[in-house]
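Source: prediction; values computed, not measured. Numbers restart at 1 for each chain; the letters A, B, ... are given by sequence-line order, proteins then strands.
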Amino acid sequence: GAGVSQTPSNKVTEKGKYVELRCDPISGHTALYWYRQSLGQGPEFLIYFQGTGAADDSGLPNDRFFAVRPEGSVSTLKIQRTERGDSAVYLCASSPEAGGPLFEQYFGPGTRLTVT
Amino acid sequence: AQSVAQPEDQVNVAEGNPLTVKCTYSVSGNPYLFWYVQYPNRGLQFLLKYITGDNLVKGSYGFEAEFNKSQTSFHLKKPSALVSDSALYFCAVTSPLLLSSFSGGYNKLIFGAGTRLAVHP
């Protein structure tokens with residue numbers, strides 16, 4: 001079956017611009033996560049959705065970052081006034097439901113964001 | 001604070017030899033531990049997890065990992081390495097104290113920095 005998909009695969013933008021990154025989770029998965037992976041580092045948690053609601057957004061670095069999931073499926077990560085330090089690979093993951101650690105997270109291929 | 005340490009940036013092993021990729025963790029409460037693998041230009045793929053029960057966990061592609069509570073470790077192992085095992089490996093942890101009160105489901109994985117495994121023919 002189809003896995004988690006993310007678009008675009010690569011995004012180059014100028015400093016100060018606004019960007020949107022899209023995630024399509026596996027069909028039927030209610031839990032959705034965003035992570036950020038900087039070069040040479042492991043993924044860092046950004047935000048977690050259970051259904052349409054953001055259950056935990058404690059990982060968002062500042063108020064330039066915002067994410068939505070209006071219908072409980074597709075999610076969009078939005079970054080305003082991009083800075084060069086925002087350059088990273090943004091990963092999306094989904095899992096079947098809120099069932100505790102029994103359900104592993106399935107990751108998408110990521111969007112590589114480069115801010116020039 | 002919750003954290004994961006992968007002390008080796010790179011592990012080199014000859015094909016056919018056993019391999020070990022090390023991971024230690026620090027977490028409040030009981031740990032739930034995971035290993036993921038990342039191939040170039042592909043997403044993280046789940047290998048195995050420890051939740052409770054038997055300390056030796058078997059996963060995909062012949063990998064296994066041993067949970068050692070006293071040493072707070074969860075090392076990844078394989079008896080006989082393949083060239084195709086060459087990739088970036090990440091250890092991750094979460095715990096009941098990181099669960100969201102909103103949903104009751106775990107939500108926040110804490111990852112190590114990764115270890116690059118190079119298997120030579």
Side-chain angles (χ1 to χ4, degrees), chain A residues 2-7 9-10 23-26 29-60 69 72 89-112, chain B residues 1-6 9-10 21 23 25 27 29-53 57 59-60 67 88-116:
Chain A
V4 178
S5 62
Q6 293 185 245
T7 54
S9 55
N10 281 284
C23 172
D24 273 278
I26 293 173
H29 281 193
T30 57
L32 185 146
Y33 315 77
W34 283 98
Y35 292 83
R36 180 169 70 174
Q37 186 175 14
S38 301
L39 191 64
Q41 300 296 317
E44 292 179 286
F45 171 82
L46 294 177
I47 186 170
Y48 159 62
F49 287 90
Q50 180 56 41
T52 60
D56 184 349
D57 64 358
S58 62
L60 295 178
R69 194 186 185 198
V89 176
Y90 289 82
L91 298 170
C92 177
S94 69
S95 66
E97 60 183 274
L102 295 178
F103 299 102
E104 60 264 23
Q105 298 177 26
Y106 296 81
F107 282 80
T111 293
R112 182 175 299 278
Chain B
Q2 283 68 229
S3 65
V4 174
Q6 294 183 242
D9 291 337
Q10 180 154 330
V21 182
C23 171
Y25 65 89
V27 68
N30 292 326
Y32 302 141
L33 295 151
F34 303 80
W35 276 101
Y36 282 83
V37 60
Q38 189 174 41
Y39 296 99
N41 300 316
R42 295 175 63 179
L44 289 162
Q45 295 179 34
F46 169 80
L47 277 180
L48 51 78
K49 64 186 176 186
Y50 170 82
I51 305 300
T52 187
V57 178
S60 307
F67 170 62
L88 193 54
Y89 289 80
F90 291 96
C91 180
V93 68
T94 190
S95 86
L97 295 182
L98 293 173
L99 298 182
S100 166
S101 59
F102 179 93
S103 68
Y106 82 98
N107 58 8
K108 187 182 298 184
L109 287 177
I110 309 298
F111 283 88
T115 298
R116 187 165 300 281

B:Tyr36 side-chain N/O to A:Gln105 backbone N/O, donor-acceptor pair under 3.5 Å: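 The answer is yes, because a donor-acceptor pair under 3.5 Å joins these two groups.
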Check: A:Phe45 ring centre within less than 6.0 Å of B:Phe111 ring centre: no
Partner set under side-chain contact (heavy atoms from CB on, under 4.5 Å) for A:Ser38, not counting sequence neighbours: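 Testing A:Ser38 for side-chain contact (heavy atoms from CB on, under 4.5 Å), a comparison that skips the adjacent residues, returns A:Gln41, A:Ala88.
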Contacting moiety of B:Gln38, where chain A heavy atoms sit under 4.5 Å: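 For B:Gln38, the contact with chain A is made by the side chain alone.
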Residue pair A:Tyr35, B:Leu109: steps toward the side chain to side chain contact (heavy atoms under 4.5 Å, CB included) verdict: CA-CA 9 Å; A:Tyr35 292 83; B:Leu109 287 177; 3.4 Å; yes
Under 4.5 Å from a heavy atom of chain B, the part of A:Gln37 involved: side chain
Chain B contact via A:Ser58 - which portion, at a heavy-atom distance below 4.5 Å: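 The answer is the side chain of A:Ser58.
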